Number of protein chains: 2
Amino acid sequence: MAELPLGEPAFLILTALAAEPKHGYAVIEDVREISGGQVRLHAGTLYSVLDRLRTSGLIEVEREEIVQSRLRRYYRLTGAGQQRLSGEALRLRRNADAAASRLAGFTPRPGTGLA
Amino acid sequence: MAELPLGEPAFLILTALAAEPKHGYAVIEDVREISGGQVRLHAGTLYSVLDRLRTSGLIEVEREEIVQSRLRRYYRLTGAGQQRLSGEALRLRRNADAAASRLAGFTPRPGTGLA
DNA sequence: TGAATATATTTCGAAGACGTATATGCTCGC
DNA sequence: GCGAGCATATACGTCTTCGAAATATATTCA
């Protein structure tokens, strides 16, 4: 499986679950908040991503509840999920920094010698 | 067109071009450097992404050269491309920060009231 | 009462981003 | 001459995500 790619949705879903276990619908709302209202997960995306993450062992089902005859399935990050998420967050920040410094017009790359 | 999504490859390609115009193959090498050797663009990915970016007006062909009977097509960021890239970099950093703070175990969310 | 809205999950087809593989043609080193 | 590195092109497939609808219950509002 080579490490499944984390797109923005998947990344945000992991992030939402990093705070505390949540059920799917709560994840949608949390992601909307995290992203400042810019990312609205579609139900279809959510549940298929949740499935993939579970299959790859990044999250797991914590428990299931029935509240007012509605099923709530709670997911939580596994240890692997935490590692993966923090690694991914690092990567994102590096990428963002690279872009920012290049956009700033200077290319202070130590090391290899400038191109 | 609704604003084409920028995956990691597309983002890094824009970043590579932000420093200065480059031809495709040089982009591959630059991206490998930017990412600390972690992202190695495949030729197929590169040229199709390049095409998409060009179609959406984020990059444009600067010039074509023939060096040792090999064609080199140089691409450069357009104004729209710069805007898009800096916006995207911001988004990435926000996402990375959100993940980091959640992973740190505290959820100091001002505003809506804690869940 | 009845309609609309919010909660919650499931499923499925389509779009599209990305990877894999292959082809082409030149140059250089062995 | 053959393989490796440079440089672009493109067909094909896969996997993620989008988009929409189905199902079912509770609440809100007219």
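Since the model is a prediction, treat every value here as computed from it, not as a measurement. In what follows, every chain begins at residue 1, and chains take the letters A, B, ... in the order their sequences are listed.
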Mind checking A/A26 for me? I need base, sugar-phosphate or nothing, with any heavy atom below 4.0 Å counting as a touch.
nothing
Using the side-chain heavy atoms of B/P5, tell me which of these nucleotides is nearest: D/dT17, C/dA8, C/dA17.
C/dA17
Nearest heavy atom decides the nucleotide; on that basis, is A/S48 or B/Y75 closer to the 5' end of DNA chain D?
B/Y75
Rounding to an integer number of Å, can you tell me how far A/H23 NE2 sits from D/dT25 C1'?
14 Å
Rounded distance in Å - CG (B/D51) to P (D/dA11)
12 Å
Between B/S56 (side chain) and B/R52 (backbone), is there a donor-acceptor pair under 3.5 Å?
yes
Go through D/dT17, C/dC18, C/dT9 for me and flag the one nearest to the B/A10 side chain.
C/dC18
Rounded distance (Å) that lies between atom P of C/dT20 and atom CG of B/L46:
15 Å
A/L12 CG to D/dT17 P, in whole Å, measures 10 Å
Base, sugar-phosphate or nothing for B/E64? Non-hydrogen atoms, less than 4.0 Å.
nothing
Atom-to-atom span, CD of A/E8 to C1' of D/dC15 - whole angstrom:
18 Å
Checking C/dA17, C/dC26, D/dG19 against the side chain of A/H42 (C-beta onward), the nearest is D/dG19
Per A/R73 side chain, nearest of listed nucleotides C/dT9, D/dC6, D/dT16:
C/dT9
Just checking A/G7: base, sugar-phosphate only, or nothing, at a heavy-atom cut-off of under 4.0 Å?
sugar-phosphate
Take the protein atom CZ of B/R32 and the nucleotide atom P of D/dG5, then report the distance between them rounded to whole Å.
11 Å
Residue A/R70, side-chain atoms from C-beta onward, closest of D/dT25, D/dT17, D/dT8:
D/dT25
Taking CD1 from B/I13 and P from D/dT8, how many angstroms apart are they, rounded to a whole number?
12 Å
Nucleotide D/dG19, atom P - distance to OH of A/Y47 in whole Å:
18 Å
So what does A/E29 hit on the nucleic acid, given a heavy-atom distance under 4.0 Å: a base, only sugar-phosphate, or nothing?
sugar-phosphate
Tell me which one of B/L17, B/L14, B/I34 satisfies side-chain contact (heavy atoms from CB on, under 4.5 Å) with A/R102.
B/I34
For the pair B/T78 (side chain) and B/E60 (backbone), establish whether a donor and an acceptor sit closer than 3.5 Å, ignoring hydrogens and angles.
no
So what does B/R72 touch, heavy atoms closer than 4.0 Å: a base, only the sugar-phosphate, or nothing?
sugar-phosphate
5′-ward residue of the pair A/I28/B/L41 relative to DNA chain C
A/I28
Pick base, sugar-phosphate or nothing for B/V67, based on heavy-atom distances below 4.0 Å to the nucleic acid.
nothing
Check: B/D97 and A/R93 side chains under 4.5 Å, non-hydrogen atoms:
yes
A/A43 side chain, from C-beta outward: closest of D/dA21, D/dT17, D/dA7
D/dA21
side-chain N/O A/R52 vs D/dT17 OP1/OP2, d < 4.0 Å
yes
Does B/R40, at its CZ atom, have more than 12 non-hydrogen atoms belonging to other residues, nucleotides or ligands within less than 6.0 Å?
no
With sugar-phosphate meaning primed atoms plus P, OP1 and OP2, does B/G44 contact a base, only sugar-phosphate, or nothing at under 4.0 Å between heavy atoms?
base
Exceeds 12 heavy-atom contacts within 6.0 angstrom, atom CD of A/Q83
no
